[in-house]
Every structure is written in C-alpha cells, then in structure tokens.
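FYI, side chains are in, hydrogens and waters are out, and symmetry mates aren't considered; it's all heavy atoms of this structure.
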Amino acid sequence: MRKKRILIVPLAMMLILPSFLADASQKSVSTEEKVNEQTDGKISSKDEVVYATLQANGQLNEIYVVNTLDVTQAGTIIDYGSYNSLKNLTDLSDLTQTDDKVYIEASKGKFYYQGNTNELELPWDLEIVYFLDGKEMNPAENVGENGHLEITINTSRNEQGETIFFDNYLLQISLTLDSEFYQNIEASDGVIANAGTDKQITFTVLPEQEGNFAVTADVRDFEFEGIEIAALPSSMSIDAPDAEKMTEDMKSLTDAIKEINDGVADLKSGVSELNDGVISLRNGSEQYKNGMSEMTGASSELIKASSSINDALSTITKNISKNDNELDLSELSELPKGLSQIADGLTETANGLSLLQENYSIVLTTLDEAMRNIPEYNVSENEINDLYSSGADPAVLDQLVETYSAARVAKGTYSAVKEGLQVVDTTLGEVSGASMEMATTLTSIAQGLSSSLEGMDGLDGLTQLQEGLAALAANYEQFHGGLIKYTNGVDTLSSSYHELHSGIVQLNGGTTELEDGVGQLLDGTGELYKSTNDLPEQIQEEIDKMISEYDKSDFEAISFVSGENEKVNSVQFVIKTESVKKEEQETMEEVIEEEKGFWGRLKDLFS
C-alpha cells in the first residue's frame, strides 16, 4: 500500500497591504458599468482548448475551455460563451459576464482565461466497457484483481453536439499500460509502442467515421491510468494519386470490350448467315429426303417392270428357237414401248437428281461461307478470368462465354461433317449420271428393237431377230442385275439420308438458338461497352470524390463555445477518463519541535 506523508508545519500568512486593496478597489468595476464602456480592444485571433473529464465508462463529468486571445489593441474585449464560472489565467484583473458575454480588460499580447460549462456536449459519444475473464465489470470495484482484461472503446456521432467537429476532426485515442502489471497485450486495430517500461496503445478515428476498438491483456493487481483522447482538425492535404497508369489500363480494358462487342456483332452477322444457310439446307434436304423416299417407293415398281421385261425377253428367245412357225410377234412389238417407258422414268429420275444436286450444292456453298464467317477467335482461360475480374456484369460474361463456346462447337462440328456433306454432293452427281446413262441405253435398245421389227423380212430377218433378241436378253439380264443393285443402293441411301436429315433438322434448331443467344449477347456486350466506355473518367471521379471526403484542408475553424465568436484560429479537444487506483491510506506524523534556545524564547516574548 502506497503511503503519503503530510508534515504539519506552522503557516505564515501575509496581510494584504492597504495600498493594494485600494488599488484593487479602484480597478473593480460593476458588470453594468463594463457593459456601458466602449469596447475598443481588438484581437487578431482566438484559440480554444476544450478539456473534458469523463467517467471510466465514458460518461461526461465536466468541460472547461481555456481561451487564448491574441490582443493587438489594449482595451475592453468581448468574448462569447455560456460559462458557469470564469478564471483569469493571465493576471489578477476580474472577468465579468452578462448572459453569454464575457468582458475582459486586456493589455496587448496573449490573454488567457478559463471558462467552466455544463451546458455543452462533446461532438462524440464515447462508450467504454471493461471485461475481466469474459464478464463485464465495474473497474472501480475490481481494483487489485488478476485475470484476462478486455477494454472495448466505441466512438460515434453525438447528435446533441456540434457535428461539424465530428465531420472534420480526427480522433487519437491512447492508453498506457505498465509492463510490470500487464502482459500479452494485443490491440488488432491499434499501434503498440514502447514508452519507457510502459506500453502505449494508440487508435485513430477518421472524420465522419465511427470507431470500434478493443485492447486485451493479462493483468496482475489491476489499476488503470485512464484513456486520453485528442481531437484535432484533419487538415492534412491529400495529394491525388497518379491514376494515369490505372486509367490507361482501364482504357485498354474498354478498348478490349469494344473489340469484343464488334466481334460479337460480326459473330451475330455470321451466325445469322449460318442460320439462313442451315434453313436453306434443311429445306433442300427435306426435298431431297422426299425425293429419295419417292425413288425408294418407285424402286419396287421399276424392278417389277424390269423383271417382266427380262422374263419376256427370255420367253421370246426360247420360243423363237423352238418353233419359228408358231411364233407370235404381236407381244414382241410391245417390248420397245416398255423399254422406252423405263428409259423415260430413269431420265426423269436423273433430271430430278441433277436438280437436287444443284440445289444441294448451293446450300452447301452457303453453309460453308457462313461457317467461314464465324471469327477464328481463340480466347484463353486467363483472358476470360481477366474479364470476370474487370467488374463487368457476370450474367453478360456468362452469355458471352456460352455463345463463344457454342460457336466454336458449331464450327468444329461443321468441320467434322464437311467431308461427308461433300461426298453426298458428289454421290448425287454420280447417281444422276448413272441413271441418265441407263436411260440412254434403254432408249437405244428400244429404238433398235423397234427398227428390227419393222424391217424384218422373211426367214433371214427372223434369224437376225432371233440372234438380236438372244443378245438383248443376255445383256438385259445383266442390266436387270445392275438395276437391282442400283435400287438397293437407292434404298440404303434413302435410309441413311433420313438420319442425316434428322441431324440437319437438329442443326437448324441449334443455329436458331445460337442466333437468338448471340443477339442477346450482342445486347449485353453493347450495354457493357456503354457502361464502361467512360470507365477511366469514372475512376478519376471516384478518386476525386474519395479524396474530397478525407481532405479537410479547407476546413475553417469555428468556436466550440459560441457561434458569435469570430477570428477563431483553432479549436482542440483534450479528453481524459478518470483513472482507477487503489485508495491510499494517509498517515500523520507529528513533527517534534526542537527545544528552543534563549533567543527563540526571547523572540516569543515579542510575538
């Protein structure tokens, strides 16, 4: 326990000289007389230092203000403030007050006086809470205890105070802990510095901001010196950062987005052409499929008719060789007509295939050009991630990536089936040519047979007819075998083409969705470019706005105590919470007077 010794000694009192009293009485002037005096004193500036004492939990105890007046012309000075009491800190002259006016008789130079007030509020609300081992405590009741200490400090705007100080002043909150009694000190948002054997923790609160801080430590024999808070104008000027490099990067990003938008526009144009080509391809494919189906349906009749001709030729050949006298050539005269009908059917088939090949070739060319118009972009994964990191709308970027992927897939799919589509084109030409060749052959046979029948004369003619029919039957049997293979091929081609046509229909549905998606994507990239076109200017505006929020260099001080005070140079706040200490026991020691000598006793006789 700390002890304080008080020595009791005789105190000598000096009497005030009458002349001093007389002079003081001459200087004493009533308040009303001073109000009526001419206020010819002048000041060049006024400073205020606001001192406030708080309870340990942050509740206000009292406020007093030390005013400093820089007097440039001696005389009566009027200062303003609502004070409960006044104290002259410069000389022994009296200060008088009427309402909120303070009358001062000041000489040239610095004049100091103090005013106490209980009518003003601090601009900040302060809340301080103490915890020991996790439980909230009253610090005065836990003095001398040990445990894990936590002190939380919260600052906020006091709506009852003058908010201009909250908006423009910077708070510096500091507390000192004795390293002998405090260990394992932590303050995550504060700065911990050595101050001799002590640790000083400092927190900073910017203007217009609220503060929420905490200090933790292991304490032994708990005592606390209190918390000191200084509030000063945040008058430091903030230099604007060099945003040129940043804005250049943003300009590059904007240009890249514009290129993307232009590319998407080209992509939409290409996809539109692709979709138109695929639609034409589908329509042509539909006609081709229907034609193939009709050919497949007609193949059986063609084979049946050809079989009849083949059988008839075989029968005629056999009958001629057996019995020439009984030969009935009336049926034979119908053979050229049947052959001509088959030739006409093959000719129509060949012409239909030729027209189909021509349309198919046009559609294939259109599709190929549309696919070539899809840009050969190769966007890397890193470039896509950079776009997502740029702050662009993720939904638009998702559409962009999805459409880019679909376009790549469509182009890749076309490249894979392009050779097969070209083969179909070639096959159509070959089948058409073969059909036309067979039609020509049959026509020649029919014409030759008809001429032979018309020019047949007697037995020699019959012999020639017999030989010709035998050759015709043999050749026609080969032709009939080829025709069967041809119709089987047509059936296979028709069946396979149905599957190909189903794929073309699906392709058409996909390109239609792709065109719609690219259209939406173009709208999105257009909006993205529009919103980022002035991105560098937006960044600079945001930087300027941020600087203006924290740059208080243009702040002009006003009086804390009264708005009527002028020429205020500075106002500062010094705020301190009460300390928490153990009560000290005072001991009284009597001073044993030494025994007086002769001269001392003689002096007492005249005292």
Side-chain angles (χ1 to χ4, degrees), residues 24-25 27-37 39 41 43 45-71 75-107 110-128 140 155 157-166 169 171 226-233 557-579:
S25 63
K27 290 183 179 179
S28 177
V29 182
S30 68
T31 300
E32 293 183 358
E33 290 175 342
K34 285 194 173 183
V35 171
N36 294 327
E37 285 183 359
T39 58
I43 65 171
S45 65
K46 168 184 169 66
D47 296 328
E48 296 175 359
V49 180
V50 181
Y51 294 90
T53 59
L54 310 178
Q55 299 175 22
N57 63 0
Q59 294 296 315
L60 179 64
N61 277 336
E62 64 174 346
I63 295 177
Y64 63 92
V65 182
V66 173
N67 299 278
T68 303
L69 305 177
D70 191 356
V71 182
T76 303
I77 305 296
I78 297 179
D79 199 35
Y80 296 90
S82 179
Y83 299 114
N84 302 325
S85 61
L86 300 172
K87 181 184 293 186
N88 188 336
L89 304 177
T90 303
D91 53 36
L92 298 178
S93 62
D94 291 334
L95 303 177
T96 57
Q97 180 177 4
T98 300
D99 297 328
D100 291 342
K101 294 182 180 180
V102 179
Y103 295 89
I104 304 166
E105 289 294 330
S107 301
K110 298 288 186 180
F111 187 91
Y112 306 88
Y113 81 94
Q114 173 182 321
N116 292 38
T117 178
N118 58 7
E119 297 185 12
L120 298 176
E121 293 274 352
L122 289 175
W124 303 271
D125 277 333
L126 300 167
E127 180 185 23
I128 305 169
T155 68
R157 182 194 301 269
N158 183 359
E159 300 295 343
Q160 306 301 319
E162 178 54 69
T163 58
I164 192 172
F165 296 106
F166 180 86
Y169 273 49
L171 289 182
I227 299 172
E228 296 182 356
I229 303 171
L232 299 170
I558 66 168
S559 173
F560 172 72
V561 292
S562 175
E564 297 187 59
N565 286 324
E566 299 178 350
K567 299 181 180 180
V568 178
N569 179 54
S570 70
V571 177
Q572 301 178 22
F573 293 83
V574 179
I575 306 168
K576 191 177 187 313
T577 66
E578 61 188 8
S579 59

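Just one residue in the list Asn569, Thr68, Asn67 forms a side chain to side chain donor-acceptor pair (under 3.5 Å) with Asp47, and that residue is Asn569. Residue Val102 is tested with Leu86, Ile78, Ile77 for a side-chain contact (heavy atoms from CB on, under 4.5 Å); the sole match is Leu86.
Going from atom CD1 of Ile229 over to atom CZ of Phe573 covers 12.0 Å, rounded to the nearest 0.5 Å. With rounding to the nearest 0.5 angstrom, the CG atom of Asn565 is 6.0 Å from the CD atom of Glu48. Atom-to-atom distance recorded for Gln55:CD and Ile128:CD1 is 10.5 Å, nearest 0.5 angstrom. Rounding to the nearest 0.5 angstrom, the gap separating the CG atom in Asn57 from the OG1 atom in Thr577 is 9.5 Å. How far CG of Leu60 is from CG of Leu122: 5.5 Å, rounded to the nearest 0.5 Å.
Within 6.0 Å of atom CD in Gln160, 12 or fewer heavy atoms from other residues, nucleotides or ligands are found, so the atom counts as exposed in its surroundings.
The minimum heavy-atom distance between Val571 and Ser559, with the atom names listed, is CG2-CA, 4.4 Å. Nearest heavy atoms, Leu171 versus Ala231: CD2-CB, 3.5 Å. Across Phe165 and Ile558, no two heavy atoms sit closer than the pair CZ-O, 3.7 Å. Taking both residues in full, the closest heavy atoms of Lys46 and Asp79 are given as NZ-OD2, 2.8 Å, listed atom of the first, atom of the second, then distance. A pairwise comparison of heavy atoms in Tyr80 and Val561 identifies O-CG2, 3.5 Å as the closest pair. Smallest separation of non-hydrogen atoms from Phe560 and Pro123: CE1-CD, 4.3 Å.
Side-chain contact check for Leu120 versus Val50: every heavy-atom pair is 4.5 Å or farther apart. Looking at Ile43 and Val71, their side chains come closer than 4.5 Å, going by heavy atoms from C-beta outward. With contacts defined as side-chain heavy-atom distances shorter than 4.5 Å, the pair Leu95/Ile104 qualifies. With contacts defined as side-chain heavy-atom distances shorter than 4.5 Å, the pair Asp70/Lys110 qualifies.
Annotation: side chain to side chain contact (heavy atoms under 4.5 Å, CB included) contacts of Asp125 (sequence neighbours excluded): Ser156, Asn158. The salt bridge (Lys or Arg N to Asp or Glu O under 4.0 Å) test applied to Lys101 returns no partner, not counting sequence neighbours. Listed by chain and number, the residues in a side chain to side chain contact (heavy atoms under 4.5 Å, CB included) with Asn118 are Asn84 (sequence neighbours excluded). Partners of Tyr64 by ring pair (Phe, Tyr, Trp, His ring centres under 6.0 Å), not counting sequence neighbours, listed by chain and number: Tyr51. Listed by chain and residue number, Glu228 satisfy the side chain to side chain contact (heavy atoms under 4.5 Å, CB included) test with Lys576 (two or more places apart in sequence, or in another chain). Every residue meeting the side chain to side chain contact (heavy atoms under 4.5 Å, CB included) condition with Ser82, not counting sequence neighbours, appears here in chain and number order: Asp100, Glu119.
Between Phe111 and Tyr113, the ring planes are tilted. Angles from 30° to 60° get that label.
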